[in-house]
Each structure stands twice: as C-alpha cells, then as structure tokens.
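Remember, predicted model here, so these are calculated numbers, not experimental data. Below, all heavy atoms of this structure are taken into account, side chains as well, without hydrogens, waters or symmetry copies. Ligands are counted one by one from 1 in listed order, and the atoms in each one are counted from 1 as well.
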Amino acid sequence: MWIDPARSYDLIGDIHGCAQTLERLLETLGYKKRSGVWQHAYSQALFLGDLIDRGPQIRETLHIVHAMVDAGHAYCIMGNHEYYALAWNTPASEQSTDEYVRAHSKHHMRLHRETLEQFEEHPYDWEDFNKWFLTLPLFIDAQRFRAVHACWDDRLINMLRTRFADGRVNQAFVQQSAIKGSFADQAFNRLLRGVNLPLPHGMSQTSYDGFTRSSFRTKFWHDDESALTYGDVVFQPDALPGDLAQEPLPTEYLQHVTGYDAQQPLLFVGHYWRQGQPSLIRPNLACLDYSAVNGGKLVAYRLDQEQHLLPESFVWVDAQDKG
Ligand SMILES: [Mn+2]
C-alpha cells in the first residue's frame with residue numbers, strides 16, 4: 001500500500017451499512033460514479049472501518065467501498081466489526097474449546113444479526129468479503145497523518161510493524177487473538193476497540209443500543225495524568241451511572257492510558273459514536289464517527305496539506321437510511 005503524502009484525502013467515519021447516506025456524502029464531496037465506481041478527480045477516500053453490522057444496506061456498502069479500493073480510488077482500514085466478522089468465521093485452533101475464534105454466542109449473534117441476514121442469500125459474496133477483510137490494515141501511517149479505527153498505541157503498533165510492516169495481518173494472527181492476553185488479542189483490542197476500563201463496584205450500564213456492559217470507553221489522549229476522575233476520561237455517548245463521574249480514577253487504571261501528545265502527527269479515528277456538530281478533539285486529532293446508523297451524521301474530513309486540522313474541513317450529511 002502506498003499512501004502519497006502529497007495528495008488530498010477524504011477520511012470517512014463509520015458507515016455501518018448506511019449505503020444511501022454514504023452515496024450522498026460521496027456526492028457532496030464531489031465524487032462521481034463512473035463505470036460503477038465512485039471516484040474523484042484528485043482526491044482519494046480513506047475509510048476508517050466499521051462498514052458492516054447494524055444498518056439496512058451492509059452488502060451495498062461493502063460493494064461501494066470495495067469497488068473504490070479495488071480501482072485505486074480509496075483505502076480502507078479494519079474496524080472492530082470487520083475483525084469480529086473475521087473472528088466469527090475463523091476456526092479456532094485445536095487447543096481451544098470453542099469452534100471459532102469468536103464464539104457463536106447469542107450476544108455475538110445479535111451484534112451480527114443484520115449482516116448475517118442480509119448475506120443469507122449471498123453466501124459466496126460474504127465469503128469474498130471476509131477474504132477482503134483480512135487484507136485491511138489495522139492502521140495507516142502516512143507520516144504526515146495517521147489513521148486507526150479506535151486508538152493509536154505506539155508500543156503495540158511498533159511491535160506489530162516488525163511482523164506486518166504495512167499493518168495487514170494474516171489468518172494465524174486472527175487465530176492467535178482467541179488467546180486472551182496474547183499479543184494478537186491486545187493489538188486487535190487496543191487498536192480497534194480503544195481503551196475500555198471496567199466500571200467499579202461491579203456496576204454495569206445499558207447503552208442506547210440495548211447492550212449491557214460492565215466497562216466504559218475512554219479517551220486515549222490525556223495530556224495530564226494527575227488526579228483524573230472517571231468523568232475526565234469517559235468517551236462514549238452514555239453518561240456514567242450515578243455519581244461515578246466525580247470519583248477519582250484508580251491509579252492502576254493509568255497504566256492503560258497510552259497518551260497521544262499534541263506534537264504527534266495528525267490522527268484520525270472512528271468508533272466512538274459521537275453526537276452533535278462535528279468538531280476537532282485537538283489540532284492533531286479528529287474522531288469521524290457521528291453515529292450515522294443511529295440517526296446521526298456520516299462525517300468526512302477533507303485533508304489537504306494543512307499541518308493542523310481545521311474545523312471547517314469537516315463535511316457531513318445527515319443519515320436517513322431506509323432498508
Ligand atoms: Mn467501531
């Protein structure tokens with residue numbers, strides 16, 4: 001994969017099967033559909049992962065993005081949902097008690113329901129897309145800017161690079177991720193799911209999507225690690241239960257915080273279900289997931305040669321997908 005730092009890129013957040021919204025966003029960005037492939041005269045698109053699950057047109061979304069990547073008009077990195085699909089379809093190693101890397105449990109089934117249903121009549125198509133998912137890199141480092149689905153972790157990415165220079169892993173690595181705490185498990189989890197910390201006192205919370213969780217999503221880019229409260233680090237649409245936001249964060253949690261300081265290259269992530277008007281997190285950090293599949297916005301950042309991100313470079317459309 002060869003990212004040309006001199007080009008312009010349109011980075012695009014989590015689509016989750018909102019194909020109609022994706023086409024409207026591409027149109028808004030000046031892309032035209034030629035010979036069945038959306039393309040732009042001088043820009044390339046860069047998708048931040050999570051193309052699948054939840055939405056009404058998952059198969060259509062995959063065809064749109066795959067055709068763009070195939071024809072050299074786009075890049076795409078892996079989201080946690082593409083990883084889940086791979087893990088769902090990858091047989092576990094012989095030592096494992098599970099049949100697949102991702103157990104076919106009710107909970108997992110529910111998360112994949114729309115994808116499995118929409119591909120029910122298209123099993124070969126689904127097989128092909130799963131082969132393609134395995135070729136998606138876990139990160140892109142274009143020097144001037146970087147992209148990862150949820151969290152840039154220097155230590156893990158540098159380790160990953162020694163084995164997979166361009167961030168594309170292989171089936172054996174997906175298989176290894178079934179072993180809790182293995183390097184593969186850590187890499188997929190941290191890069192594609194971010195830093196999730198346990199709720200204290202055995203608490204759990206039910207999110208807007210109906211799933212009950214015993215952990216919460218946090219920021220990975222703290223400047224100041226002193227005297228952090230739960231409220232300082234939380235980064236998810238749901239408020240923390242009770243008065244937890246005011247409670248000090250246990251010091252052992254800080255070892256999970258990776259940091260991403262203001263001097264590091266421009267970084268784009270998706271994943272976090274942001275809401276409201278798209279805005280920068282920092283001059284070198286933007287999250288482009290604005291909950292399109294939940295009636296929010298599908299958001300792009302139009303990157304030219306700027307050294308610091310510009311609030312006026314966000315481009316978005318309101319999501320209005322129908323099945
Ligand atoms: Mn995600």
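- In the model, Glu23 has a side-chain atom that pairs as donor or acceptor with a side-chain atom of Trp38 under 3.5 Å.
- Inspection of the His308 and Asn284 side chains reveals no N or O donor paired with an N or O acceptor under 3.5 Å.
- Within the 2.8 Å limit, Asp14 places no N, O or S atom next to the Mn ion (ligand 1).
- Rounded to 10°, the angle formed at the Mn ion (ligand 1) by Asn80 OD1 and Asp50 OD2 is 90°.
- When hydrophobic clusters are built by joining Ile, Leu, Val, Met, Phe, Trp and Tyr residues whose side-chain heavy atoms come closer than 4.5 Å, directly or via intermediates, Phe188 is grouped together with Leu197.
- Because the distance cut-off is set at 2.8 Å, His81 fails to qualify as a neighbour of the Mn ion (ligand 1), as none of its N, O or S atoms comes that close.
- Of the possible polar contacts, one joining the Gln205 side chain to the Ala239 backbone as a donor-acceptor pair under 3.5 Å is found.
- Of all N/O/S atoms in His271, ND1 sits nearest the Mn ion (ligand 1).
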